[in-house]
2 protein chains.
Amino acid sequence: MATTNEKKQLIEEIGLGIEERLSISPLAGRIYALLILSSYDGLTFEEIREYMKASKSSISVNINVLTQLGYLTYHTKPGDRKRYFKITKYYQIQSLELYLQALKKEMVIVQKINSYNSEHYPEKFSAEESLGEISQDYLIKFQSLIKDTIQKITELRKNDHSH
Amino acid sequence: MATTNEKKQLIEEIGLGIEERLSISPLAGRIYALLILSSYDGLTFEEIREYMKASKSSISVNINVLTQLGYLTYHTKPGDRKRYFKITKYYQIQSLELYLQALKKEMVIVQKINSYNSEHYPEKFSAEESLGEISQDYLIKFQSLIKDTIQKITELRKNDHSH
DNA sequence: GTGTTAGTTCATAACATAGCGAACTGATTT
DNA sequence: AAATCAGTTCGCTATGTTATGAACTAACAC
């Protein structure tokens, strides 16, 4: 596993984004990024450790966090004590599901703002009523776009597995 | 300005979301939330301070951060030294623009992952090629959905201002 | 020119978090 | 039973962030 400079940089970049989106530690983000870019067999604890040049304890803690959050799984090989880690889901589905969650929160907030304003500033609110509708409309369209895409990807995975 | 319990709770809730999305301090998030829910005239420094029950220095720093980031503006009244603060943009547009930014980053990352994989794991990648296409397709659709919605809202605001 | 208003700036306290090394555990070899 | 392997757990340090009080400033009022 030659650590190319390209890979290092890419892990840094992807890791940073993941760290923010999943609200996990920088190291956890980089581990997740490494596994996105790594082979299908999965990497061992030691391989991850080598790559990250971090302590055993940090690797242990962060792998466990990622596993508990459901982003990683591991499998073992007969007669081999090591665990092989890889990402649970396609990176893309993971992202979409996060958007879906954020969206639900957003919808609740928008509704609350609308109902607060309609109660407390009825004149102001009625002037903006269609604005509230547009937002609502947008959120619903977005939601169905995500759901469609998740379904497409899921179907693709099924076909992929069955051949 | 009677501080109803409903308003307090709502500010807490909206503020928390904003804080995370804009990566600003909790107080800045709550100030922004307060201004979302407050009247069109804008609130003074002292009104905000009273509402938040925070120190002058904290209010000052956080108002300035929000102003510098372009989320707040202030206007003055003749013969009155106070500044009246209100949000620059509709909360909804703000949200959408943030999504747009996040999306651009996302598109860059997805492209980099795809090109990395197509180079380093061509067999694996070709099996998933259509998956990469779906992601790309999704991102583009999402982008145009956001842009449409921003445009609709912007038009609505123009009409709203001009009557 | 003294006081007041409307904030700003600065040093600091309080708190949270990440990653580290060292000691430990539990299973497997030798 | 001693050693090794594959990790885990714990206490601690380093670092970053938020909000604070106290001192300061700039404009206006008397």
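Lettering of chains follows the sequences in order, A, B, ..., and the numbering in each one begins at 1.
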Check your understanding: In terms of side-chain heavy atoms of Ala54(A), which of dG7(D), dC20(C), dG7(C) is nearest?
Key -> dC20(C)

Revision key, fill the gap. Between CD1 of Ile59(B) and C1' of dA6(C) the distance, given in whole Å, is 14 Å

Check your understanding: Any side-chain donor-acceptor pair under 3.5 Å between Ser118(B) and Ser115(B)?
Key -> no

Review point. What's the shortest heavy-atom distance between Ile150(A) and Glu97(A), and which atoms?
Key: CD1-CG, 3.9 Å

Review point. Roughly how many Å is it from CG in Leu66(B) to P in dG7(C), rounded to a whole number?
Key: 15 Å

Review point. If you take atom types as modelled and just measure distance, does the side chain of Ser57(A) reach the base of dG21(C) with a donor-acceptor pair under 3.5 Å?
Key: yes

Exercise for review: Step by step, work out the side-chain hydrogen bond (donor to acceptor under 3.5 Å, both in side chains) result for Glu106(A) and Ser95(B).
Suggested key: CA-CA 9 Å; Glu106(A) 183 81 16; Ser95(B) 295; 3.3 Å; yes

Review point. Rounded to whole angstroms, how far apart are NZ on Lys53(A) and C1' on dG19(C)?
Key: 17 Å

Point to revise | Distance test, side-chain N/O of Ser58(B) to OP1/OP2 of dT18(D), below 4.0 Å | key: no

Check your understanding: According to a strict under-4.0 Å criterion, is Arg49(B) in side-chain N/O contact with OP1 or OP2 of dT20(D)?
Key -> no

Review point. Which is true for Leu27(B) with a 4.0 Å heavy-atom rule: it touches a base, it touches only sugar-phosphate, or it touches nothing?
Key: sugar-phosphate

Review point. Less than 6.0 Å separating the ring centroids of Phe45(B) and Phe85(B)?
Key: no

Review point. Nearest to the side chain of Ser25(B) - dG7(D), dA18(C), dT18(D)?
Key: dT18(D)

Check your understanding: Roughly, in whole Å, what's the span from CZ in Arg83(A) to P in dC5(D)?
Key -> 18 Å

Review point. Any idea which of dG7(D), dT8(C), dA19(D) is nearest the Lys56(B) side chain?
Key: dT8(C)

Practice item. Using atom NZ of Lys82(A) as one end and atom C1' of dT28(C) as the other, report the distance to the nearest whole Å. Key: 14 Å

**Study point:** In one Ile/Leu/Val/Met/Phe/Trp/Tyr side-chain cluster, 4.5 Å: Ile14(B), Leu16(B)
**Key:** no

Practice item. Could you pick out which residue, Ser55(A) or Arg81(A), lies toward the 5' side of DNA chain C when each is mapped onto its nearest nucleotide? Key: Ser55(A)

Point to revise | Protein-nucleotide distance (Tyr74(A), atom OH; dG7(D), atom C1'), rounded to Å | key: 12 Å

Practice item. Starting at atom CZ of Phe45(B), determine the distance to atom P of dT9(C), rounded to an integer number of angstrom. Key: 11 Å

Point to revise | Rounded interatomic separation in angstrom, taking CG from Asn64(A) and C1' from dT9(D) | key: 11 Å

Review point. For Asn62(A) and dA18(C), is the shortest distance between a side-chain N/O and OP1 or OP2 below 4.0 Å?
Key: no

